[in-house]
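Take a look at the structure below.
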Amino acid sequence: MEKGQLLYQGKAKELFQTDQPDLIWVEYLNQATALNGAKKDQIKGKGELNNQITSLLFQRLDEKGIRSHFVEQISETEQIIQAVDIIPLEVVVRNIAAGSFSKRLAIPEGTPVKFPIVEFYFKNDELDDPMIIEDHIKVLDIATDEEITTLKTMALAVDEALSELFDEIGIILVDFKLEFGRTKEGTILLADEISPDTCRLWDKVTNEHLDKDIYRRDLGDLIPVYQEVLNRLKGEKKMYFVKVYVTYKDSVLDPQGEAVKGAVHRLGYDTIEDVRIGKYFEIKVAKSNRPIEEMIEEICDKLLANVNMETYRYEISTMEEV
Ligand code: TMP
C-alpha cells in the first residue's frame, strides 16, 4: 500500500491518504499535550507505545463484537484504519470519580460512582470542548436520537469489555474518552485511539497512575508507565533472576573446605591458601509490589542459610519472560 498526502495533522497523530480510498494511514507521534495544548512536549517512545496499545485494544474489542475503524498495525508507530467521518463528540465513560468530574461536583477522586456515567463533550477547540447534553447534540445536528443511543450503548459495551480486561491485569479502568465515526454507509464505528493518553488507569494494588495524569500532573516519566501497561496487556511478566551464595562465616570452621584444601595441596597446588564450601541457589521471581531485596533476605534468613553459622550474599538481575 502506498502512503499518500497528509490529510490531517493532529496533536498526537498524523493521517495520510493511501492508494485505496477507504483506507487511511495513521502515524502516532511522540508529542504529548495537556491543558488544551498549553503544555506541550516531545516524549520519545510515546508514539509507538500508544500505537501498540491502541492496536491491541481495538483487536480485543473486535473479538468481543465491538467494531472499530482499526484494520491493521503496520509498524511500531503506524496503523491502517478504515476511513470514517468523525462525529465531533468526545464520549467519556466514568466508573470512578476523577479529573473534571471530581472538580465540577466536588466529589473526591477515587469515589466509585453508582453506575457507569456517559458524558458528551463537543469537539471544538475554539470553545474548549464544552460538555453538552443530548438535546444540544440533536439541535446542532451532530447526531440523531438513534445515533446517540448507539453511541451510549457502544460506549458502555466498551466499558464492560475493557474494565474486565484491565481488571485481569491488575488495573482499574477509572474513566476514558472515546470517539466515533460514520462509514460511507452510515454505520457507526469506534474510532481514534484507546491508550493511556485517553484513559485513566490506576494500579489495583497501589492506586498509582498508569496514564497521562503522570504528564498532566508532573508526576514523573510517562514512558515506563505506558510500557508497563503494554507489558501487562501482552501478558509479559517482568522477572528477576536472583543468585544467592551461602557460605560459612569466617569464624566458623568449614571441615569440608579444609578437606578439599588438603586434597588440593596433595595435588601440588600449594599456593591455595583457603577453600570454603558453600551453597548456590538460582531463583526466578515475578515482579510484584514487594521490594525484591526484602523478600530474598527473608527467604535466606528463614530457609536458605543457617544464620548462626552461615552468611549469604545475592545478586539480582532482571529478565523479560513472555
Ligand atoms: P476529564 O476528567 O478531564 O474530563 O477526562 C475524562 C477522561 O477522558 C480521562 O480518561 C481523559 C480523557 N480525555 C481525553 O482523552 N481527551 C480530552 O481532551 C479530555 C478532556 C479527556
Side-chain angles (χ1 to χ4, degrees), residues 8-13 26 28-29 31-41 43 46-47 49-51 53-54 57-58 61 68-69 86-113 115-133 136 142 151-152 154-156 158-163 165-167 171-181 190-204 207-219 222 225-226 229 233:
Y8 169 79
Q9 173 72 58
K11 293 184 198 121
K13 291 186 285 293
V26 186
Y28 278 68
L29 307 174
Q31 180 160 276
T33 57
L35 311 167
N36 221 0
K39 181 174 157 88
K40 195 191 288 187
D41 287 285
I43 302 181
K46 178 173 161 301
L49 286 166
N50 279 348
N51 180 39
I53 293 170
T54 297
L57 291 179
F58 278 149
L61 289 174
S68 75
H69 68 171
I86 291 289
I87 300 170
L89 289 175
E90 294 192 338
V91 182
V92 169
V93 181
R94 301 183 188 272
N95 297 308
I96 290 177
S100 70
F101 177 82
S102 287
K103 229 181 248 169
R104 181 177 295 116
L105 301 173
I107 297 174
E109 285 208 329
T111 312
V113 296
F115 53 85
I117 297 171
V118 182
E119 296 172 350
F120 294 104
Y121 294 83
F122 182 27
K123 262 170 74 83
N124 185 315
D125 280 343
E126 272 173 37
L127 299 177
D128 221 1
D129 299 347
M131 185 192 248
I132 58 173
I133 62 167
H136 296 171
I142 297 170
L151 296 180
K152 281 165 78 175
M154 284 181 79
L156 290 172
V158 171
D159 183 44
E160 199 179 327
L162 290 189
S163 292
L165 193 151
F166 279 119
D167 183 65
I171 293 175
I172 302 167
L173 179 61
V174 174
D175 58 30
F176 58 95
K177 183 266 303 182
L178 300 175
E179 294 188 28
F180 294 87
L190 187 56
D192 195 52
E193 69 176 277
I194 306 180
S195 71
D197 268 9
T198 64
C199 302
R200 278 201 177 88
L201 305 169
W202 293 354
D203 184 277
K204 225 157 91 174
N207 271 345
E208 276 167 349
H209 298 278
L210 300 172
D211 57 55
K212 197 171 152 187
D213 276 347
I214 295 272
Y215 174 73
R216 293 188 192 100
R217 302 178 185 188
D218 291 321
L219 298 175
L222 168 154
V225 166
Y226 281 32
V229 173
L233 283 169

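Computed from a prediction, not measured in an experiment: that's the story for all the values here. Start at 1 and go down the list; that is how both ligands and their atoms are numbered.
Of all the heavy atoms of E90, the ones lying under 4.0 Å from any atom of ligand 1 belong exclusively to the side chain. Here V174 has no heavy atoms under 4.0 Å from ligand 1, in either its backbone or its side chain.
Within 6.0 Å of NZ in K39 there are more than 12 heavy atoms belonging to other residues, nucleotides or ligands.
Under the 4.5 Å side-chain criterion, counting only non-hydrogen atoms from C-beta, V91 is not in contact with E179.
Which parts of ligand 1 touch D197 is read off a 4.0 Å heavy-atom cut-off, strictly below it: atoms 15 (O). Counting the atoms of ligand 1 from 1 in the order shown, those under 4.0 Å from a heavy atom of R200 are 1 (P), 2 (O), 3 (O), 5 (O), 6 (C), 9 (C), 10 (O). Counting atoms of ligand 1 from 1 in the listed order, those under 4.0 Å from a heavy atom of G99 are 2 (O).
Polar contact check, D175 against ligand 1: a nitrogen or oxygen pair lies under 3.5 Å apart.
With sequence neighbours excluded, no residue satisfies salt bridge (Lys or Arg N to Asp or Glu O under 4.0 Å) with K103.
For R216, the heavy-atom gap to ligand 1 drops under 4.0 angstrom.
D175 has a carboxylate O that lies under 4.0 Å from a charged side-chain N of R200, or vice versa, which qualifies the two as a salt bridge. Contact check on R94 versus E109 returns no salt bridge, with no Lys/Arg side-chain nitrogen under 4.0 Å from an Asp/Glu carboxylate oxygen.
Here H136 and F120 keep their ring centres 6.0 angstrom or further from each other.
Within a 4.0 Å radius of atom 21 (C) of ligand 1, the protein contributes no heavy atom.
Taking only non-hydrogen atoms, the option from R94, M131, K177 nearest to atom 14 (C) of ligand 1 is K177.
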